[in-house]
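See structure below.
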Amino acid sequence: MDDPIFHLSGIVRTKGEMEDFVGPLSLILQLLSKNKIEIRDISISLILEQYLAYLDNLAAMDLEIASEFVAMASYLMLIKTKMLLSTGEDVSELDQLISSLEELKRRDSYAKIKTVIITLRDMAEKAGVTYTKPPESIPPDNTYRYTHKITDLLRAYRRIAQAEESPPPAGRPFTYPKPIVYSVKDKAREILHTLSLEGSARMSILVKEAGSRTEVVAIFVAILELCRVGEIEFIESQDDVTIYRAAAPLDLPVPPDTPEEATGGDVPNGNE
Amino acid sequence: MEMNDIECVLEGILFASGEPVPADRIALTLGVPKTDVYQAAHALAHRLEMEKRGIRLVVLGDTLQLCSAPEYADYIRQALEVRKQPQLSQQALEVLAIVAYHQPVTKLVVDQIRGVDSSYTVGLLQDRGLIEACGRLNVPGRPLLYRTTPTFLRAFGIASLEEMPPLPESENGEGDSPEDWVQVKMETPL
Amino acid sequence: MEMNDIECVLEGILFASGEPVPADRIALTLGVPKTDVYQAAHALAHRLEMEKRGIRLVVLGDTLQLCSAPEYADYIRQALEVRKQPQLSQQALEVLAIVAYHQPVTKLVVDQIRGVDSSYTVGLLQDRGLIEACGRLNVPGRPLLYRTTPTFLRAFGIASLEEMPPLPESENGEGDSPEDWVQVKMETPL
């Protein structure tokens with residue numbers, strides 16, 4: 001703000017119009033607000049000159065205005081001095097001035113807004129009530145709309161060919177998870193082992209403990225096989241089947257290795 | 001594309017959308033200059049009004065929208081059993097006006113100008129689609145900025161914000177806009 | 001109420017609803033016989049169609065509805081499409097190249113050539129209209145065969161598949177055409 005022009009007309013008025021000023025501070029605030037100046041930029045001499053020139057033009061010199069001006073000028077001096085000398089802490093005067101300035105502007109804005117409210121209300125009334133409609137649902141069409149060079153396709157093809165030729169990264173051999181296979185024989189052994197420990201086994205529990213479908217199948221087949229060779233019996237209850245060790249082994253050929261291994265080995269006190 | 005064709009496609013697009021559609025998106029779709037779209041829009045709007053049709057075309061800023069004719073509002077409300085929206089209260093109008101004249105603006109500024117907390121009213125106006133958040137001010141706390149919507153223009157029967165009634169001049173006119181005021185406040189290193 | 005007035009109010013009500021509105025509810029609202037509503041509906045429908053407008057009125061049983069004119073569907077979709085379609089990814093181009101050079105081809109072959117599962121990309125390319133199913137291969141499982149579409153030709157700016165650049169000899173030596181290779185692979189008992 002090199003050369004601010006302070007438009008004093010409309011701010012400084014004749015005595016009869018002075019109602020909107022309360023004291024020198026208000027006058028300063030008006031000056032500041034109307035000219036949008038920063039407090040720091042206040043050029044007192046400039047204000048003074050312009051003010052005097054304005055007063056010169058006034059036909060009747062109003063003493064009250066003159067005294068108010070003196071008060072204002074000294075006020076400005078005070079503020080400016082304080083600002084120049086202050087260490088940055090003692091700025092309460094400035095704070096006060098700025099907050100007053102804001103308050104003034106706030107009130108001014110609000111007053112202006114209020115003047116158009118009635119017009120706005122009329123406009124809304126005149127525009128009436130209109131309704132809009134919900135959007136139509138439009139089935140999406142995903143047809144591809146971009147264009148490419150045909151050579152892009154060849155390049156893409158070459159890329160695959162190259163990837164194929166390049167050897168697999170060295171140093172990190174691939175490891176595949178070992179498929180878990182359940183043999184019927186192992187399952188039969190397991191079941192006999194359980195029976196020898198607990199006397200009986202519930203089918204539902206055996207199945208529930210199975211980790212996979214193949215294991216369930218293995219369990220079923222093992223039970224069927226053990227039944228066939230007469231190693232086990234079962235009693236069917238309402239919703240379960242309880243398996244027991246057969247009371248007396250029937251005189252049937254025993255599948256190789258099943259009973260011997262199941263009862264021997266890790267079961268110290270077998271049924272033998 | 002013939003002007004009459006543009007009118008028809010325009011009508012179809014606006015009907016299907018229901019919501020305001022940017023004029024330049026329509027121009028892009030039809031491959032015609034934006035001025036043609038506006039011309040067609042005005043022709044269509046005129047025709048709908050002249051023929052006293054049940055539909056109106058409104059230009060809302062950079063967007064176009066179809067809406068029902070206001071003179072049939074009562075019938076529509078009755079047939080579709082929609083509740084009549086209450087008129088905007090004095091408070092709502094004040095907040096709306098502050099946002100309209102000072103947009104984009106934070107709620108804080110609205111609060112400061114009115115001297116009271118305006119949270120409820122701001123929420124209400126947002127609910128009614130008259131104002132919307134449009135980003136954040138780059139100051140500590142990053143408060144939301146609000147602006148008016150095309151619905152606002154439609155509710156007040158104007159095509160753009162320029163048609164808003166001018167605010168009374170300050171005694172010293174120019175440069176006393178609240179934006180400057182906010183600016184001043186923010187830049188003051190105190 | 002004049003017939004023309006009924007037409008206009010009817011248009012306003014149907015517009016604001018967007019959905020089908022029972023004719024008798026409109027008759028009740030306007031205080032006119034239902035036959036008048038139907039008559040006005042037919043007149044309006046006729047007018048909209050004659051003038052090639054962007055809106056159509058359809059009578060669905062006892063209800064009436066406005067909808068956008070189907071002949072402008074493409075424009076409408078284009079204008080209102082929010083999400084921008086992404087360009088083809090590197091993977092998609094690879095799959096497309098395999099299909100283009102080896103068509104008709106099964107997904108299994110694509111998978112084998114690329115060494116990864118290509119189900120998603122094949123689906124995507126189908127969705128974009130760049131490839132299409134064109135029958136089944138006469139082997140156990142009868143897998144679908146894929147080929148490129150006219151959209152593919154358009155996207156790559158060629159008039160026919162003959163304009164595709166030939167695969168270099170060295171990379172694809174005689175007798176080692178992918179079809180043979182696949183054939184062999186498929187017949188190899190694992």
Side-chain angles (χ1 to χ4, degrees), chain B residues 1-32 37 40-41 43-44 47-58 63-82 85, chain C residues 1-32 37 40-41 43-44 47-58 63-82 84:
Chain B
M1 204 174 210
E2 291 284 312
M3 194 43 79
N4 192 46
D5 292 341
I6 301 179
E7 265 183 54
C8 294
V9 184
L10 177 66
E11 190 179 39
I13 292 172
L14 296 184
F15 177 86
S17 163
E19 281 152 22
V21 183
D24 41 14
R25 197 190 305 171
I26 294 170
L28 199 71
T29 305
L30 305 189
V32 299
V37 172
L44 182 59
R47 186 147 65 102
L48 292 170
E49 196 159 354
M50 280 304 103
E51 295 176 9
K52 287 210 192 324
R53 297 277 304 281
I55 304 175
R56 293 285 180 278
L57 189 154
V58 283
T63 67
L64 308 172
Q65 186 179 26
L66 286 184
C67 62
S68 70
E71 49 266 55
Y72 306 131
D74 285 340
Y75 287 120
I76 292 170
R77 197 159 41 236
Q78 217 180 316
L80 305 183
E81 289 168 346
V82 280
Q85 278 222 328
Chain C
M1 202 174 213
E2 291 283 316
M3 191 47 74
N4 191 47
D5 292 341
I6 302 181
E7 261 183 60
C8 294
V9 185
L10 178 66
E11 190 179 40
I13 293 172
L14 294 184
F15 170 82
S17 163
E19 285 171 11
V21 182
D24 40 16
R25 194 186 312 162
I26 294 169
L28 198 71
T29 305
L30 306 190
V32 298
V37 173
L44 180 59
R47 184 146 67 105
L48 292 170
E49 199 156 334
M50 279 304 102
E51 294 176 11
K52 287 210 193 323
R53 297 277 305 280
I55 305 176
R56 293 288 179 276
L57 190 152
V58 284
T63 63
L64 309 172
Q65 185 179 19
L66 284 183
C67 61
S68 61
E71 52 263 53
Y72 304 131
D74 279 345
Y75 286 122
I76 292 170
R77 189 178 295 121
Q78 220 178 315
L80 304 185
E81 230 159 30
V82 201
K84 203 162 177 255

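Every chain is numbered from 1 and lettered A, B, ... according to where its sequence line falls, protein lines coming before strand lines. Just so it is clear, the structure is predicted and the values come from calculations on it, not from any experiment. These numbers come from the heavy atoms of this one structure, side chains and all, not from hydrogens, waters or symmetry mates.
In this structure, OH in C:Y72 is found 10.5 Å from CD1 in B:I13, a value given to the nearest 0.5 Å. Taking CZ from C:R53 and CG from B:L44, the interatomic distance works out to 6.5 Å, rounded to the nearest 0.5 Å. With values rounded to the nearest 0.5 angstrom, C:D5 atom CG is found 9.5 Å from B:K52 atom NZ. Here CD1 of C:I55 is found 6.0 Å from CG of B:L66. Values are rounded to the nearest 0.5 Å.
If you measure heavy-atom distances from B:A69 to chain C, you find no contacts under 4.5 Å at all. Contact annotation for C:A16: both backbone and side-chain heavy atoms come within less than 4.5 Å of a heavy atom of chain B. Heavy atoms of B:V9 lying under 4.5 Å from chain C belong to its backbone as well as its side chain.
In plain terms, the two heavy atoms of C:Y75 and B:T29 that are nearest each other are O-CG2, 3.3 Å. When all heavy atoms of C:G12 and B:S68 are compared, the pair lying nearest together is O-CB, 4.3 Å. Taking each heavy atom of C:E11 and B:G54 in turn, the nearest pair found is OE1-N, 2.9 Å.
Atom CD of C:E51 has more than 12 neighbouring heavy atoms from other residues, nucleotides or ligands inside a 6.0 Å radius.
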